[in-house]
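Accompanying notes for the structure given below.
The figures that follow rest on heavy atoms only: side chains count, while hydrogens, waters and symmetry mates do not. Here is how names work: the chains are called A, B, and so on, in the same order as the sequence lines, proteins then strands, and each is numbered from 1.
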Number of protein chains: 2
Amino acid sequence: MAGEALGKDLGKGLGKPGQLDFPRPLTTVDVAIFTIRDDRLQVLLVRRPAGEGEPFPESLALPGGFVDVAKDRDLAACAARKLKEKTGVTSPYLEQLGSWGSATRDPRGWSATHAYFALIPEEAGELSADARWFPLSGGRLKEKLAFDHGEILSTAIQRLRNKVEYTSLPAYLMPAEFTLPDLQRVYEIVLDRPLEKSAFRTRILSADMIEPVARMRRGPNRPAQLYRLTKGREPVYFVRTFNPPE
Amino acid sequence: MAGEALGKDLGKGLGKPGQLDFPRPLTTVDVAIFTIRDDRLQVLLVRRPAGEGEPFPESLALPGGFVDVAKDRDLAACAARKLKEKTGVTSPYLEQLGSWGSATRDPRGWSATHAYFALIPEEAGELSADARWFPLSGGRLKEKLAFDHGEILSTAIQRLRNKVEYTSLPAYLMPAEFTLPDLQRVYEIVLDRPLEKSAFRTRILSADMIEPVARMRRGPNRPAQLYRLTKGREPVYFVRTFNPPE
DNA sequence: CTAAGTAAGTTGGACTGTACAACTAACTAT
DNA sequence: ATAGTTAGTTGTACAGTCCAACTTACTTAG
C-alpha cells in the first residue's frame, strides 16, 4: 500500500538514530464551516485541484490541508488560518470536532486529519475563489465528497443539531442584531422542526445570552425588539433539551 | 527549536518529488482510562522511561505512544491496542476526546496527539507492570503529568462529568451485575454530589438501559435487586440533566 | 376612518418529571 | 421482640414545557 511505501523512508536523516526513526502519518486539518443562507443551513466546500498526483481531483471537499509546522503554532491556529483563507472571517465560533486517521483514507498514505467546525454569520467576510456554499436539505448534502469528508460532515451536522437542542450555538450564526423570532427561525432550520414560541422565549431570555438594543425592527406589522449577543459570552448550556420529536 | 531541526529532513526520499516533501508532525495516541476503585474515580497512569533522549524521563503520563502505521488500521484501533496492552481489557467504553497538537508540546518537535477516554469496570483485566491507578479527589489529580497530559486529563474529567449529567455512561464503570443503589453511588462519585433517590430510580428504570436478573444482592439488611446492562446497548441520552448544583 | 391581515409578544391551564421528605419493606444483630 | 440499616415507594410542591387562545402594534385595502 502507498502508505507503507512512502512511509519507509520518512524520518531518516535525524541527528539521533533510533528513537524517531519510523514513518510518520500525514497530518491535516479540515474545517466544516456553516452558515444560514436563504433560510437553509449551508456548508462551505472547495473543489480539489486537478494536478498530477492529486488525490480526488476536482472533487468537492471540506476546506483544509496539511499542517504547516513553520506557520502553525497549534491545531486551532491552523484551523483558524484555513477559515480565514477561505472566508476572511477572523473570530468565528470554532470548535474541535474530532479526528479521523487511518491507513486508507488518503491514497497518499497513512493520514490523520483534525476536524473542526465553525459557525459564521451570513454577511461575514469574502469567500475565496475556489469556495462555494452548498445547502443541506434534511441535514444531508446531495454532493459526494473527497476522502472521508462525507462522514466528517455528517458528524459535524449531527454534533451541531445535537448541541442546538441544549445550547446557544445558533446565536453564532446570527448577524450583529436580530430579533427573537429570527433566532427561533434559525433554531428551527437547524433542528428541522418547529419550536414552541413561548417556551423558546422564556428559555432564551432567562439564559442571559442576549441583550436588547435600543432599536426595534419595523416591518409591515408589529415591530420586534432587536437584540445582540451579550459581549464575550461563552455558549450557554441549558439543563433541559427542547422537547425531542415524537 | 528541536521540532524544526528535526523536521527539516523529514519527508525526503519520496518517490515523487514536491508534493509530500515537507516535514510531518509526530503522531501519537493517548488514552485516559477511568475506573471506580475504593469508592473513588481513578485514572490509569504510567511512568515514562528513563532512557537517553526520552522526554519527561520518569514522569507520570497517560498511557499512549506513537501511531504504528504498520500495526494500526486506524486511530481507534491504536487506542484500543494501547488500552489492551496496559489493562488487558478488550471491549471497554472507548470514546474520542479530542486532539492536541502544537510546536511545543513535545520537545522532540511539532507533534499532535489523538486523545481517547475509556471507562472500564474495576475487576476487568490485569494491569501491565508500569501502570498504576491514581485516585482523583474533587475531580483533580495531585500528581503533575508529562507533556500536556494534565490538560488532557482535565478535559477528560470535565467531559466525563458533563456527560454523566445526562447519559448512562457510568453504567460502563459497573461490574457485570449491580444494584440500583450501586449505580447511584457511582453517579454520585463522579459528580461529587448527592442525587435524589426516587428521581434517579425513575429515570434509570424508564431509560431501558438495564434489566433485572433473577438474583438479589443479600446483605445485613433488605436485599437489593441485581441488574445488568441491556445487551449491546449504546449509551442513553436523557432529555434533562440531573438538576445542577447551587 | 375603519376593517382586515399579520407577526410580535403574553397569558393560563394541562402535563411531565424532579425536589424533598416521609413513609413502608426486608433483612441482621442483639 | 426490638433496634438499626438499607431498599424501595409514595405524595405534595414546584419548575418548565406544551398547547392554545389571547392582546398588541403595526400596514394596507376599501
Side-chain angles (χ1 to χ4, degrees), chain A residues 39 164-168 170 174 177-189 191 193-228 236-246, chain B residues 39 164-168 170 174-175 177-189 191-228 236-246:
Chain A
D39 271 349
V164 164
E165 294 278 358
Y166 61 91
T167 70
S168 61
M174 306 305 290
E177 297 191 353
F178 54 89
T179 67
L180 272 177
D182 288 347
L183 182 59
Q184 183 174 346
R185 223 161 288 131
V186 170
Y187 269 87
E188 291 173 341
I189 288 168
L191 293 177
R193 72 168 197 270
L195 296 179
E196 260 329 292
K197 186 165 50 162
S198 58
F200 181 81
R201 296 178 71 91
T202 347
R203 175 184 287 208
I204 298 293
L205 289 175
S206 63
D208 184 41
M209 53 182 265
I210 60 177
E211 50 193 24
V213 297
R215 292 185 330 108
M216 307 281 280
R217 154 137 350 133
R218 324 205 119 254
N221 39 40
R222 178 169 176 174
Q225 179 63 55
L226 281 167
Y227 293 86
R228 67 166 170 231
V236 175
Y237 287 71
F238 307 117
V239 298
R240 265 176 90 160
T241 62
F242 290 107
N243 262 30
E246 96 246 29
Chain B
D39 271 349
V164 164
E165 293 278 358
Y166 59 91
T167 68
S168 62
M174 306 304 291
E177 297 190 353
F178 55 89
T179 69
L180 272 177
D182 287 347
L183 183 59
Q184 183 174 347
R185 223 160 289 133
V186 170
Y187 269 87
E188 291 173 340
I189 289 168
L191 293 177
D192 199 24
R193 73 169 196 269
L195 296 179
E196 260 329 293
K197 186 165 53 163
S198 59
F200 181 81
R201 298 177 70 92
T202 344
R203 175 184 286 207
I204 299 293
L205 289 175
S206 64
D208 185 39
M209 52 182 265
I210 59 176
E211 49 193 25
V213 298
R215 291 184 331 109
M216 307 281 280
R217 151 131 1 127
R218 326 204 118 256
N221 40 37
R222 179 170 174 173
Q225 179 64 54
L226 281 166
Y227 292 86
R228 66 167 170 230
V236 175
Y237 287 71
F238 306 118
V239 297
R240 265 176 90 161
T241 61
F242 291 107
N243 261 29
E246 100 248 26

Round to a whole Å and report the spacing from CG of A/Leu226 to P of C/dA7.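 Computing the A/Leu226:CG to C/dA7:P distance gives 17 Å.
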Rounded to whole angstrom units, what separation is found between the CZ atom of B/Arg193 and the P atom of C/dC20?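 It is 11 Å, rounded to the nearest whole Å.
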What pairs of nitrogen or oxygen atoms, one from the protein and one from nucleotides 28-30 of chain D, lie under 3.5 Å apart?
none

Axial bend angle, the helix from C/dC1-D/dG30 to C/dT30-D/dA1: five-pair end segments, nearest 10°: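 It works out to 10° between the end axes.
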What residues, two or more places apart in sequence or in another chain, satisfy side chain to side chain donor-acceptor pair (under 3.5 Å) together with [X]?
X        : result
B/Gln225 : none
A/Arg215 : A/Glu177
A/Glu188 : A/Gln184

Contact summary for A/Asp39 and A/Ile189, nearest pair of heavy atoms: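 Looking at all heavy atoms of both residues, the closest pair is O-CD1, 3.4 Å.
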Pairs under 3.5 angstrom, nitrogen or oxygen only, protein versus nucleotides 1-3 of chain D, please.
none

Verdict with reasoning, B/Arg185 to B/Leu183, per side-chain contact (heavy atoms from CB on, under 4.5 Å): CA-CA 5 Å; B/Arg185 223 160 289 133; B/Leu183 183 59; over 6 Å; no
Treat primed atoms plus P, OP1 and OP2 as sugar-phosphate and everything else as base, then score nucleotides 19-25 of chain D 5' to 3': B for base contact with protein heavy atoms under 4.0 Å, S for sugar-phosphate contact only, - for none. BB---BB
Does A/Arg222 have any side chain to side chain contact (heavy atoms under 4.5 Å, CB included) partners at least two apart in sequence or in another chain, and if so, which?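 By the side chain to side chain contact (heavy atoms under 4.5 Å, CB included) rule, A/Arg222 matches no residue at all.
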For A/Ala207, enumerate each residue passing the side chain to side chain contact (heavy atoms under 4.5 Å, CB included) test, keeping only those at least two apart in sequence or located in another chain.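 Counting only residues at least two positions away or on another chain, A/Ala207 forms a side chain to side chain contact (heavy atoms under 4.5 Å, CB included) with A/Met209, A/Val236, A/Phe238.
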Can you pull the side-chain hydrogen bond (donor to acceptor under 3.5 Å, both in side chains) pairs that have at least one residue in residues 204-213 of chain A, sequence neighbours excluded?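 Matches after skipping sequence neighbours: A/Glu211-A/Arg228.
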Using ring-ring contact (aromatic ring centres under 6.0 Å, His included) as the criterion, list what pairs up with B/Tyr227, not counting sequence neighbours.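 With neighbours one apart ignored, the set is empty.
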Pair listing, ring pair (Phe, Tyr, Trp, His ring centres under 6.0 Å) test, anchored in residues 199-225 of chain B, at least two apart: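 For residues 199-225 of chain B: B/Tyr187-B/Phe200.
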